[in-house]
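Let me begin by presenting the structure, written as structure tokens, before commenting on it.
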Protein chains: 2
Amino acid sequence: MENDFRSPLEKGLAAFDGKWKTRIICCLSNNGSLRYTALKKELDGITDAVLALTLKELTDYSIISRTQFNEIPVRVEYDLTKKGIEALPILKDICQWTQKYNPKSEQVRCGCGRPDCKFDLKTN
Amino acid sequence: MENDFRSPLEKGLAAFDGKWKTRIICCLSNNGSLRYTALKKELDGITDAVLALTLKELTDYSIISRTQFNEIPVRVEYDLTKKGIEALPILKDICQWTQKYNPKSEQVRCGCGRPDCKFDLKTN
DNA sequence: CTGCATCCCTCGCGATACTG
DNA sequence: CAGTATCGCGAGGGATGCAG
């Protein structure tokens with residue numbers, strides 16, 4: 001692994017970067033442990049290539065954990081780590097900061113991107 | 001302006017997206033009001049095309065304000081708005097969250113990207 | 001079931017030149 | 001001084017097919 005000269009701020013924001021990372025975090029915060037296929041069903045429109053890559057990135061950031069059960073067929077579960085759980089209040093703050101200055105926006109509360117999503121970012 | 005179906009979380013994160021937005025926010029939080037040229041000098045390596053574009057985006061997000069003085073030659077000053085100032089504690093939280101789980105990282109505190117930067121994100 | 005390999009296309013950003 | 005116009009490259013992410 002090569003050196004990373006970004007500031008802590010930029011390193012931190014990288015964990016929420018891209019189209020899918022916050023949606024995955026949101027799904028896990030709403031549902032708890034989720035399997036690969038369940039996650040894929042929640043994240044409407046994501047492809048395998050991108051889902052696998054994004055899960056790997058979040059795992060590398062220690063925001064989610066990957067647990068493999070060597071059954072047949074294989075079962076893999078993804079969870080928020082302690083670091084991931086501690087990110088949730090920050091994401092909530094961003095939501096509130098946005099809504100404070102965007103009062104007209106519909107009160108979509110979840111970051112998963114599904115228009116029919118009923119969930120909120122759970123912080124406890 | 002077309003509709004924006006992103007969640008408040010994704011809308012909020014868009015304000016910190018890309019290579020330069022947080023660096024500009026950081027510079028303005030450290031220095032207060034800055035002119036175009038001063039900003040360009042602080043942001044080591046940015047080009048005019050990208051600086052002008054990014055300033056426009058931040059202005060559209062109401063995170064910075066643009067004030068033009070019709071002197072000769074023209075003088076333009078950029079400041080953080082109330083919304084921009086209220087984003088600073090969130091950015092600080094992200095810094096601290098990152099550093100908590102990255103204790104080995106050097107204590108670079110500013111997001112401006114300059115290796116010699118001595119500043120912190122000012123929140124008051 | 002849980003992925004990875006490959007191709008392709010768009011978009012962010014850098015480089016450079018020019019303007020009121 | 002404070003930008004705009006144009007071009008080009010590389011990375012992110014979608015579509016599809018294959019694999020352990």
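Residue numbering restarts at 1 for every chain, and letters A, B, ... go by the order of the sequence lines.
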Atom pair NZ (B/Lys56) and CD1 (B/Ile64), whose distance is rounded to the nearest 0.5 Å: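 That separation rounds to 11.0 Å.
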
Atom pair CG/CD1 of B/Leu13 and B/Ile94 - distance to nearest 0.5 Å: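 Nearest 0.5 Å value for the CG-CD1 distance: 7.0 Å.
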
Do [X] and [Y] sit within salt-bridge range, that is, some charged N less than 4.0 Å from a carboxylate O?
{"X": "A/Glu10", "Y": "B/Arg23", "value": "yes"}
{"X": "A/Arg75", "Y": "A/Glu77", "value": "yes"}
{"X": "A/Glu86", "Y": "B/Lys100", "value": "yes"}

Joint cluster assignment, A/Leu34 & A/Leu53, ILVMFWY side-chain distance < 4.5 Å: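 Different hydrophobic clusters.
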
Single-linkage hydrophobic cluster, 4.5 Å side-chain cutoff, B/Leu88 and B/Tyr61 together: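 Yes.
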
Atom pair distance, as rounded to whole Å: [atom1] in [X] and [atom2] in [N]:
{"X": "A/Gln68", "N": "C/dG3", "atom1": "CD", "atom2": "P", "answer": "7 Å"}
{"X": "B/Tyr36", "N": "C/dG20", "atom1": "OH", "atom2": "C1'", "answer": "14 Å"}
{"X": "A/Glu77", "N": "C/dC1", "atom1": "CD", "atom2": "C1'", "answer": "13 Å"}

Short side-chain to backbone donor-acceptor contact, A/Thr81 and A/Ser62, under 3.5 Å: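 Indeed, once roles are kept as given, a pair shorter than 3.5 Å links the two residues.
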
N/O donor-acceptor pair under 3.5 Å between A/Lys21 side chain and A/Asp17 backbone: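 The answer is yes, because a donor-acceptor pair under 3.5 Å joins these two groups.
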
Touch class at under 4.0 angstrom, heavy-atom based, for A/Tyr78 against every strand present: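 The residue A/Tyr78 makes sugar-phosphate contact but no base contact.
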
Global bending angle along the helix from C/dC1-D/dG20 to C/dG20-D/dC1, which compares the axes of five pairs at either end, to 10 degrees: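 Computed from the C1' atoms at both ends, the axes differ by 50°.
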
Under 4.0 Å protein heavy-atom contacts per nucleotide of nucleotides 11-16 of chain C, with B for base, S for backbone only and - for none: --SBB-

Opening and closing nucleotides of DNA chain D in contact with chain A, under 4.0 Å to non-hydrogen atoms: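 On DNA chain D, the outermost contacted nucleotides are D/dG13 to D/dA15.
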
Validation row, ring centre A/Phe16 to ring centre B/Trp97 under 6.0 Å: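 Between B/Trp97 and A/Phe16, which both carry aromatic rings, the centre distance is below 6.0 Å.
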
OP1 or OP2 of C/dT2 under 4.0 Å from side-chain N/O of A/Arg75: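 Checking A/Arg75 against C/dT2: no side-chain N or O falls below 4.0 Å of OP1 or OP2.
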
